[in-house]
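Beneath this line is the structure, given in structure tokens, with notes to follow.
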Amino acid sequence: MCGIVGYVGKRQAAPILLEGLHRLEYRGYDSAGIAIGGKTRLQIAKRKGRVRELDELRPLRFKGTFGIAHTRWATHGEPSDRNAHPHCDASGRYAVVHNGIVENAAALKAQLVEHGCVFTSDTDTEVFAHLIALMDDGSPLEAVVGAVLRRIVGAYGLAVADAHRPGTLVVARNGSPVVLGIGDSEMFVASDPSALVRHTTSVVHLNDGEIAAVRADGYETRTLDGAPTSSTPSTIAWKDEAFDKGTFDHYMRKEIAEQPDAVRRTLSGRLDTRFQTAHLGGVTMAARDLLDVRRVKILGCGTARIAGAVGADLIEQLARIPADAEAASEFRYRNAVIERDTLYIAVSQSGETFDTIAAVQEVKRKGGRVMGVVNAAGSTIARECGQGIYLHAGPEVSVVSTKTFTCTAVAFTLLAIHLGRLRDLSVANGARLIGALQELPDRIAAILEREPEIASLAKLVAPAEHAFFIGRAAGHAVAAEGALKLKEISYLHAEAYPAAELKHGPLALISPQTPTIVILPRDSLFSKNISTIEEIKARGGPVIAITHPGDAPTKFDGAIEVPALEPELDPLLLNIPMQLLAYHVALLRGTNIDQPRNLAKSVTVE
Ligand code: BG6
């Protein structure tokens, strides 16, 4: 996934675009570039590396009031100066920045080479620039680009600038997000609102198959065939500073610290103490339709999928509805049997993850019922689902997801209570859980204060090359999240296993150099987990326990005790120390915490 940004107005475009690129860098950070429209030609700078490396080419010297820019997450062609965007035609008149994949690029390239076009990069994107140059018959740029796009197979969020049509940008969307920002005699375009919130909070989300001509005085949206379309601007809820790191060294640490307030926002207005249930205004399915739900299937990617697994366990426990979570990328291609009385729930922080979008579209195509649990308001998944639960967790910029994991688990707790109280979850149980949810933010804050203890545990893990995370029942899902966090930011190979599975193979890898982190709540499976710990210790494996206070029947190499709340919410609390553990292991290993190698905040390509 890449980040594209554009500006047309009366101000100098370069500083606005570079600032936008810095904001979008979590979308991809292996190369960056900019094209500023001058009087007669485009001024281009691009190179491999981060946006700060692009700054060294001094693009601020480019004068001009319209332009486009890009930060890349490579799909076609390795990160390099020549594969960085923007891509131009031979004359340098047209510049294109693109987020997505052109599936028929090879065929188009062959035709273009036959036409004498010379390619200067290995990217699929370059075909756009050559096609526009070949097909420009002088009609409005959006008509030319529309004609080009009718020949394209694949996904794109695209922005085009033409030196001979100063003051006009053309943008288009098919699968990858494009947002227009409406200013006062100026317009902005971006892959997401974080790049333009400093200048405007009034935005229009382009739909798939839409193209827009953007000028300082406004914009027009059309279909690729030229039929006008209409769109209603929406307002970005978050202030500009919400997208800044503030006093924290890393966005990840800031977002970990924001969890108590984020959870308060997820809960806000949703605790119904009269009926001891959860009120979910965004779930538009009638209660009787929710009563007909016989199964719940949760779909997502990465951390969203794991938070979905925590949700599935809660729905099965509290509403007694069979539920499970599945990787959206697998679900969409396995020709799943869609059942009328199954509720499909798409989980996504960004709301733009391509595989999850496609899974939702697959369910809808087959007539299934969908809802979303999403953080980004107005995002594609939210609009595709049409109903669901917004997290209100605030912007999450760090590539590794932390606060939205916690808020998603809270959202699922609310949904499970809601579904359960429509069935046989008692008033007393409803009250017990509502009471516990009200305590949750303070409980999380108390755990965050124990950071120094957790940081010292990190010293036991940082030198290792491999680590295991184990747990039982909901503890296994949390173990999976712990392993993913450690992998994502410390590049330490971490695997999560159901605790009892260890002896069926992975135990062979246990050694004094391989620590095991155990999710060890004091529940009915406590003694079973202790037996597994004994098996590990018998083979010299170091054990770190994330557990509840009380006498430990065996000695751990390290432990963090988290006060118990309620069995349904304890897994969520036991996850908090693991976020800090991963953070401090990464600090000790000196990796790039907010922009780990090879990753991106959400992947909008297949
Ligand atoms: C990955 C992110 O690209 O996408 C993960 O690095 C995230 O943190 C996953 O969990 C899914 O993203 P989303 O936005 O659909 O929750």
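When a ligand or atom number is given, it counts from 1 through the structure's own listing order.
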Looking at Lys48, I want to see if its NZ is surrounded by more than 12 non-hydrogen atoms of other residues, nucleotides or ligands under 6.0 Å. no
Within the 4.0 Å heavy-atom cut-off around ligand 1, the contacting residues, ordered by chain and number, are Cys301, Gly302, Thr303, Ala304, Ser348, Gln349, Ser350, Thr353, Val399, Ser401, Glu488, Ala600, Lys601, Ser602, Val603
Going by atom types alone, do Gln259 and Thr402 pair a side-chain donor with an acceptor below 3.5 Å? no
Going by the angle between their ring planes, with limits at 30° and 60°, are Phe331 and Tyr344 parallel, tilted or perpendicular? tilted
Are there over 12 heavy-atom neighbours, none belonging to Lys239, within less than 6.0 Å of that residue's NZ? no
Checking side chain to side chain donor-acceptor pair (under 3.5 Å) against His584, which of Arg589, Arg253, Glu451, Gln579 comes through? Glu451
Look at the rings of His98 and Tyr156 and say which category their plane angle falls in: under 30° parallel, 30 to 60° tilted, over 60° perpendicular. tilted
